[in-house]
Amino acid sequence: MDVAAWVRQHGGVVRVSRVVDAGASRSAIAAAIARGSLMRVTRGWVAVPAADDLLVGAARRAVVITCVTQAARLGLWVLDRGELPHVAAPPHAGRAPTTEAVVHRRRPLVPRHPDALVDVVENVLLTVANCQPHEAALTVWESALRQGLVSSVALKRLALPPRARRLLDARGPGAS
């Protein structure tokens, strides 16, 4: 198994346990790091040298890319991304990078996989609803719905808080 190729095919930044579960030995991972075809991000994560800096940073800081940052990465229309990336951290995470990012600390609508470095669209929309002004948030929500990344039917099934529910309802009765 070409460990670096496997990591590249799986997003470029991967938890070591996933690489081992895929069949690589820890010595093969160490050899790839020694050769420079992989780099150690933290004790539990590795990345290819050309990996996305945001993903590497998320793994290093134990956060998930979300809100307008992930919305833009998904190709959604975002009025203002701001200067700092938006990330999610568990509500009581003490080591989140508050000077390096806008850190959102709230429970996600959709549970996050422990290996996730980017948020799912439902969580992105919830975070946008709570972070952005109404019109800016509505723009992102409309973009996600028009692109088919999520349906209004699926969103209506979720326990949306009031701000998110207002955004969904703002689309009008005839919107899909």
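No hydrogens, no waters, no symmetry mates; every other heavy atom, side chains included, goes into these values.
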same_hphob_cluster(Val7, Leu54) at 4.5 Å side-chain heavy-atom cutoff: no
Which pairs would a plain distance check flag for residues 124-134, meaning a side-chain donor or acceptor within less than 3.5 Å of a matching protein atom at least two apart in sequence or in another chain?
{"from": "Thr127", "atom 1": "OG1", "to": "Asn123", "atom 2": "O", "distance (Å)": "2.8"}
{"from": "Asn130", "atom 1": "OD1", "to": "Arg106", "atom 2": "NH1", "distance (Å)": "3.4"}
{"from": "Asn130", "atom 1": "ND2", "to": "Leu126", "atom 2": "O", "distance (Å)": "3.0"}

Set of residues satisfying side chain to side chain donor-acceptor pair (under 3.5 Å) with respect to Ser17, sequence neighbours excluded: none
Shortest non-hydrogen contact from Gly12 toward Ala51: O-CB, 3.6 Å
Ala47 versus Val41, closest heavy-atom pair with distance: CB-CG2, 3.6 Å
Shortest non-hydrogen contact between Ala88 and Asp119, atoms and distance: CB-OD2, 4.4 Å
Shortest non-hydrogen contact from Thr42 toward Ala59: CG2-O, 4.0 Å
Salt-bridge criterion met for Asp52 and Arg73 (N-O under 4.0 Å): yes
Main-chain N/O of Ile33 paired with Ser37 side-chain donor or acceptor, under 3.5 Å: no
Gln147 side chain to Ser143 side chain, donor-acceptor N/O pair below 3.5 angstrom: yes
Minimum heavy-atom distance Ala101-Val87, with the two atoms named: CB-CG2, 3.9 Å
Closest non-hydrogen atom pair, Leu55 against Gly11: CD1-O, 3.7 Å
Side chain to side chain donor-acceptor pair (under 3.5 Å) partners for Arg15, two or more places apart: Asp115
Val150 backbone acceptor or donor facing Glu122 side chain under 3.5 Å: no
Pairs flagged by ring pair (Phe, Tyr, Trp, His ring centres under 6.0 Å) wherever residues 43-85 is involved - sequence neighbours left out: none
Arg165 side-chain N/O to Pro161 backbone N/O, donor-acceptor pair under 3.5 Å: no
Pairs satisfying ring pair (Phe, Tyr, Trp, His ring centres under 6.0 Å), at least one member in residues 7-40, at least two apart: Trp6-His10
Pairing residues for Arg81 by the side chain to side chain donor-acceptor pair (under 3.5 Å) criterion, not counting sequence neighbours: none
